[in-house]
Amino acid sequence: MISIFCPFSWFLNRFVCVKNPHLNSMDEDILYHLDLGTKTHNLPAMFGDVKFQQNEGFCAFIRKELGLEGSEEDMQDICTGTDRYCMYKTGPVLSINHGMGIPSISIMLHELIKLLYYAKCYDVTIIRIGTSGGIGIEPGSIVITDTAVDSFFKPQFEQIILDTVVTQNTELDKELAEELLKCSKEVPDFPTLIGHTMCTYDFYEGQGRLDGALCSFSNEKKLDYLQRAYKTGIRNIEMESSVFAAMCGLCGLKAAVVCVTLLNRLECDQINLPREVLLEYQQHPQKLISIFIKKRLGRYNPK
């Protein structure tokens with residue numbers, strides 16, 4: 001998932017920007033996959049006060065944490081006219097699920113960034129939260145990504161545009177990562193660290209799993225690959241961080257990736273924890289981000 005925060009007036013480049021001159025000549029922009037549009041919806045009125053973003057469960061969680069009025073039943077899916085994504089808003093929190101993999105999050109980010117631009121949002125920081133596979137760390141640990149790397153351990157995202165391979169930088173905001181790490185000290189129940197995140201195009205062979213419908217390598221080759229990844233500073237694997245880092249960087253957005261690990265890939269391939277444990281682990285990033293939000297809003301009161 002993704003979390004968005006727009007603090008008040010801390011940076012010089014305040015408003016969200018887009019890198020597409022063709023938008024200026026469009027009479028209307030239909031954000032098809034979000035079921036929104038510049039003529040059919042008053043985007044500044046709907047989203048101009050956006051401060052954060054997360055999934056539906058996070059919206060309910062942060063509403064309670066911030067003491068906002070209303071209940072979970074009051075939250076309505078803003079993208080109800082499409083089955084592509086779900087979006088919820090409660091107070092300053094905007095929540096969107098981005099699906100699985102680079103293509104899905106890429107489509108969502110294009111339309112989300114345009115939405116924030118049309119809504120005249122400013123000083124936006126975006127944080128993606130989710131789950132991942134850990135490398136050499138205990139399940140339940142949180143990894144705050146400093147750099148997203150590809151399957152060759154390179155800090156880059158390669159995209160084919162027309163007939164050209166374009167390479168983009170995938171470094172994330174280091175000050176934001178350190179701020180999040182500092183916030184993690186308030187929740188000592190689970191370990192948190194900063195490390196590289198490997199982004200792959202596949203959940204099975206692309207991540208060195210032996211349990212897919214296809215497998216073309218041995219367990220020895222898998223372990224050698226993952227151990228080499230660990231030595232380069234990679235601490236977890238997922239499937240969205242590289243394009244997320246690249247697109248946010250190109251649009252001048254402060255961004256972070258915060259993922260909990262559900263297993264140690266040096267020990268196993270399948271997630272076999274009890275459901276209640278998985279649910280608890282998935283709350284770890286939410287707790288961390290809620291502290292970050294409350295501190296930014298001046299509403300954090302340590303218990």
*For the side chain to side chain donor-acceptor pair (under 3.5 Å) test, which of Glu240, Glu205, Gln207 pairs with Thr200?*
Gln207
_Taking every non-hydrogen atom, the tightest pair across Phe47 and Cys121_ = O-SG, 3.2 Å
*Is Phe203 reachable from Val143 through a run of I, L, V, M, F, W or Y residues, each pair having side-chain heavy atoms under 4.5 Å apart?*
no
_Close side-chain approach of Tyr281 to Thr131, heavy-atom, < 4.5 Å_ = no
*State, to 0.1 Å, how close Ser241 and Thr197 come at their nearest heavy-atom pair, and which atoms those are.*
OG-CG2, 3.6 Å
Return a table of donor-acceptor pairs under 3.5 angstrom between the side chains of residues 157-169 and protein atoms on other chains or two or more places apart.
| from | atom 1 | to | atom 2 | distance (Å) |
| --- | --- | --- | --- | --- |
| Glu158 | OE2 | Gln156 | NE2 | 3.3 |
| Asn169 | OD1 | Glu171 | N | 2.8 |

*side chain to side chain contact (heavy atoms under 4.5 Å, CB included) involving Tyr225 - partner list, sequence neighbours excluded*: Ser151, Phe153, Met198, Arg228
*Gap between atom CD1 of Ile144 and atom CG of Leu176 - 0.5 Å precision*: 8.5 Å
Could you list the donor-acceptor pairs under 3.5 angstrom formed by side chains in residues 103-115, with sequence neighbours left out?
| from | atom 1 | to | atom 2 | distance (Å) |
| --- | --- | --- | --- | --- |
| Ser104 | OG | His98 | O | 2.6 |
| Glu111 | OE1 | His33 | N | 3.0 |
| Glu111 | OE1 | Leu34 | N | 3.3 |
| Glu111 | OE2 | His33 | ND1 | 2.7 |
| Lys114 | NZ | Asp29 | OD1 | 3.1 |
| Lys114 | NZ | Asp29 | OD2 | 3.0 |

_Ala256 to Leu180 - nearest heavy-atom pair and separation_ = CB-CD1, 3.7 Å
*Working to the nearest 0.5 Å, report the span between CD of Glu267 and CG of Leu223.*
10.5 Å
*Shared hydrophobic cluster for Ile96 and Met239 (ILVMFWY, side-chain gaps under 4.5 Å)*: no
Could you tabulate the donor-acceptor pairs under 3.5 Å formed by side-chain atoms of residues 182-193, not counting sequence neighbours?
| from | atom 1 | to | atom 2 | distance (Å) |
| --- | --- | --- | --- | --- |
| Ser184 | OG | Leu181 | O | 2.4 |
| Glu186 | OE1 | Tyr300 | OH | 3.1 |

*Among the clusters formed by ILVMFWY side chains lying less than 4.5 Å apart, do Leu263 and Tyr204 turn up in the same one?*
no
Side-chain polar contacts of residues 268-276 - donor-acceptor pairs under 3.5 angstrom, sequence neighbours left out - could you list them?
| from | atom 1 | to | atom 2 | distance (Å) |
| --- | --- | --- | --- | --- |
| Asp269 | OD1 | Lys222 | NZ | 2.7 |
| Asp269 | OD1 | Arg265 | NE | 3.4 |
| Asp269 | OD1 | Arg265 | NH2 | 2.9 |
| Asp269 | OD2 | Leu210 | N | 2.9 |
| Asp269 | OD2 | Lys222 | NZ | 3.4 |
| Gln270 | NE2 | Asp211 | OD2 | 3.1 |

*What closest approach, in Å, do Ala229 and Ile135 show between heavy atoms, and which atom pair accounts for it?*
CB-CD1, 4.2 Å
*Quick one: which of Asp150, Ile102, Thr170 gives a side-chain contact (heavy atoms from CB on, under 4.5 Å) with Cys199?*
Ile102
*Determine, step by step, whether Thr38 and Met26 satisfy the side chain to side chain contact (heavy atoms under 4.5 Å, CB included) criterion, reporting the C-alpha distance in whole Å, the side-chain angles of both residues, the deciding distance to 0.1 Å, and the verdict.*
CA-CA 10 Å; Thr38 55; Met26 294 175 60; over 6 Å; no
_Measuring from atom CG of Asp173 to atom CD of Glu178, what distance do you get when rounded to the nearest 0.5 angstrom?_
10.5 Å
*Mark yes or no for whether Ser132, through its side chain, and Val260, through its backbone, hold a donor-acceptor pair below 3.5 Å.*
yes
*For the student: nearest non-hydrogen atoms of Glu28 and Thr40, plus distance*: OE2-CG2, 4.2 Å
*asked:* Please check: side-chain N/O of Asn236 versus main-chain N/O of Gly133, any donor-acceptor pairing under 3.5 Å?
replied: no
*Quick one: do Ile237 and Phe244 end up in the same hydrophobic cluster if we chain Ile, Leu, Val, Met, Phe, Trp and Tyr together by side-chain heavy atoms under 4.5 Å apart?*
no
*Under the side chain to side chain contact (heavy atoms under 4.5 Å, CB included) test, residues paired with Lys120 that sit two or more places apart*: Phe15
*Can you establish whether the number of heavy atoms outside Lys295 located under 6.0 Å from its atom NZ is more than 12?*
yes
*Quick one: do Ile234 and Leu262 end up in the same hydrophobic cluster if we chain Ile, Leu, Val, Met, Phe, Trp and Tyr together by side-chain heavy atoms under 4.5 Å apart?*
no
*Closest heavy-atom pair and its distance - Cys259, Val257*: SG-CG1, 3.8 Å
*CD1 on Ile137 to OH on Tyr230, rounded to 0.5 Å*: 8.5 Å
*Is the shortest heavy-atom distance from the side chain of Met247 to the side chain of Leu253 under 4.5 Å?*
no
*So, Lys254 and Glu179, do they make that salt bridge, N to O below 4.0 Å?*
no
*So, are Asp202 and Arg209 salt-bridged, with charged N and O less than 4.0 Å apart?*
no
_How long is the straight-line distance from CZ of Arg299 back to CD1 of Ile293, given to the nearest 0.5 Å?_
10.5 Å
*asked:* Please check if the number of heavy atoms outside Leu23 that lie under 6.0 Å from its CG is greater than 12.
replied: yes
_Straight-line distance of His284 NE2 to Ile142 CD1, nearest 0.5 Å_ = 7.0 Å
